[in-house]
Colleague: 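This structure is in structure tokens; I'll ask about it shortly.
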Amino acid sequence: MPPPVNCSSGDVEAMRIVLLGPPGSGKGTQARKLMAERNIPQVSTGDMLRAAIAADSRFGQQAKEIMEAGQLVSDDIILGIISERLAEADAQDGFILDGFPRTVQQALDLSDLLDQLGQPLDAAVLLDVDFDILIRRLTGRRTCSLNGKLLNIYFSPPEELDACINAGGELLRREDDNEETIRNRLDVYRERTEPLINYYKKRGKLKTVDAGGTIDEVFERLSANL
Ligand code: AP5
């Protein structure tokens with residue numbers, strides 16, 4: 001059993017990590033599993049932005065077009081969201097950042113914010129997977145309308161897909177999971193987010209996990225690295 005990354009209270013292991021990786025590498029999937037196992041929140045900027053769109057807030061209306069084009073929402077807006085989220089009570093014993101930071105500027109902002117909060121980052125974990133696999137994971141991704149469970153028409157066991165439909169749910173596809181937007185998102189990742197690999201490597205924070213194989217295999221490798 002690996003030693004705890006950091007301990008702050010009782011049995012709970014404080015763990016402050018960034019999950020890095022291209023769209024479809026499994027950041028959301030693995031973050032949810034880690035959250036369930038370690039009882040620390042997944043902080044997903046993508047989910048927060050989609051919630052703002054669903055609520056039709058002014059800010060959601062601004063983000064909608066940008067996300068549908070596969071581009072990045074401005075660093076300022078994202079920093080505002082993250083600052084508020086990390087100040088919440090449930091983030092005081094650790095967090096899993098999923099989809100943030102995504103630019104070098106965001107990484108610098110995060111570093112300043114965590115300095116102010118006195119909560120140093122433990123690691124940035126890169127989920128490393130072949131680009132060919134990503135397209136299939138993204139075009140096949142569906143979310144069950146009943147419980148938000150992440151599924152995949154190519155990879156999920158049929159009984160999990162059927163369970164959603166038989167319970168009266170729908171398998172929803174994300175607006176940005178069409179081929180054109182996926183291509184844009186992958187280009188944006190290469191250009192704007194990939195430089196973070198070196199950013200964290202230089203600071204001695206980078207861990208790399210092979211994110212090919214099944215969800216459980218990846219989770220085992222991820223857990224062994226933390
Ligand atoms: P966001 O929601 O963060 O999307 P993303 O980074 O493109 O990542 P994804 O959610 O597509 O993929 P994932 O790695 O989480 O994979 P998942 O686990 O779902 O961002 C969306 C948009 O919001 C951005 O384009 C941008 O516009 C904006 N945004 C967000 N954050 C921002 C920021 N910080 N700054 C600026 N703009 C921001 O898995 C994918 C599928 O594969 C699922 O179906 C899953 O079931 C399946 N799967 C996962 N792992 C496996 C496996 N091992 N085997 C088989 N199937 C698997």
Side-chain angles (χ1 to χ4, degrees), residues 18-35 42-53 59-60 62-83 85 96-107 109-110 125-144 148-157 160-161 164 171-178 180-194 196 209-222:
V18 166
L19 287 185
L20 264 184
S25 54
K27 301 181 297 294
T29 302
Q30 298 299 329
R32 287 177 188 207
K33 285 178 78 73
L34 266 182
M35 176 169 69
Q42 169 200 20
V43 175
S44 158
T45 41
D47 285 351
M48 288 189 272
L49 291 167
R50 280 184 288 278
I53 293 174
F59 159 62
Q62 288 168 358
K64 190 172 187 313
E65 238 176 76
I66 299 171
M67 290 172 74
E68 282 178 7
Q71 300 299 323
L72 296 184
V73 174
S74 80
D75 290 340
D76 287 355
I77 291 180
I78 295 291
L79 180 64
I81 300 181
I82 282 285
S83 306
R85 183 63 187 89
I96 305 151
L97 293 175
D98 160 10
F100 173 87
R102 241 175 159 96
T103 63
V104 170
Q105 185 57 53
Q106 290 183 13
D109 290 341
L110 175 64
V125 185
L126 172 67
L127 298 181
D128 191 25
V129 64
D130 283 350
F131 268 71
D132 299 351
I133 298 177
L134 299 176
I135 303 285
R136 223 167 144 69
R137 286 193 186 168
L138 290 168
T139 52
R141 173 167 48 196
R142 299 292 185 273
T143 304
C144 178
K149 193 172 165 64
L150 266 181
L151 295 164
N152 195 292
I153 56 170
Y154 302 122
F155 299 112
S156 296
E160 285 191 16
L161 297 163
C164 178
L171 297 175
L172 304 176
R173 188 172 185 180
R174 253 171 57 176
E175 294 282 350
D176 59 351
D177 276 345
N178 61 76
E180 190 188 339
T181 308
I182 289 171
R183 252 184 274 284
N184 289 343
R185 287 160 61 203
L186 292 172
D187 287 346
V188 169
Y189 173 79
R190 286 195 190 99
E191 220 176 279
R192 310 279 310 274
T193 309
E194 236 172 28
L196 291 180
V209 168
D210 173 2
T214 67
I215 291 171
D216 287 342
E217 285 166 353
V218 177
F219 188 65
E220 233 174 76
R221 289 183 212 124
L222 174 63

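Order of appearance sets the numbers: ligands from 1, and atoms from 1 within every ligand. Every value quoted in this text rests on a predicted model; they were computed, and no experiment measured them.
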Colleague: Can a donor-acceptor pair be found between the side chains of E180 and N184 at a distance below 3.5 Å?
Modeller: no
Colleague: Evaluate the side-chain proximity of L97 to L110: yes if any heavy-atom separation is below 4.5 Å, no if none is.
Modeller: yes
Colleague: With sequence neighbours left out, what residues match E194 under side-chain hydrogen bond (donor to acceptor under 3.5 Å, both in side chains)?
Modeller: none
Colleague: Distance under 4.0 Å, heavy atoms only, partner ligand 1: which residues pass?
Modeller: P22, P23, G24, S25, G26, K27, G28, T29, T45, G46, L49, R50, M67, Q71, L72, V73, I78, G99, F100, R102, Q106, R137, L138, R141, L150, L151, N152, F155, R174, D176, R185, G213, T214, I215, V218
Colleague: Considering residues at least two apart in sequence or located in another chain, which fulfil the salt bridge (charged side-chain N to carboxylate O under 4.0 Å, His left out) criterion with D128?
Modeller: none
Colleague: Which side-chain N or O atoms in residues 135-142 pair as donor and acceptor under 3.5 Å with protein atoms at least two apart or in another chain?
Modeller:
from, atom 1, to, atom 2, distance (Å)
R137, NH1, G24, O, 3.2
R137, NH1, S25, O, 3.1
R137, NH2, A211, O, 2.8
T139, OG1, I135, O, 2.8
R141, NE, D177, OD2, 2.8
R141, NH2, D177, OD1, 3.0
R141, NH2, D177, OD2, 3.2
R142, NH1, T139, O, 3.1

Colleague: Looking at F131, is R190 sitting on its ring face, NZ or CZ under 6.0 Å from the six-membered ring centre and within 45 degrees of the normal?
Modeller: yes
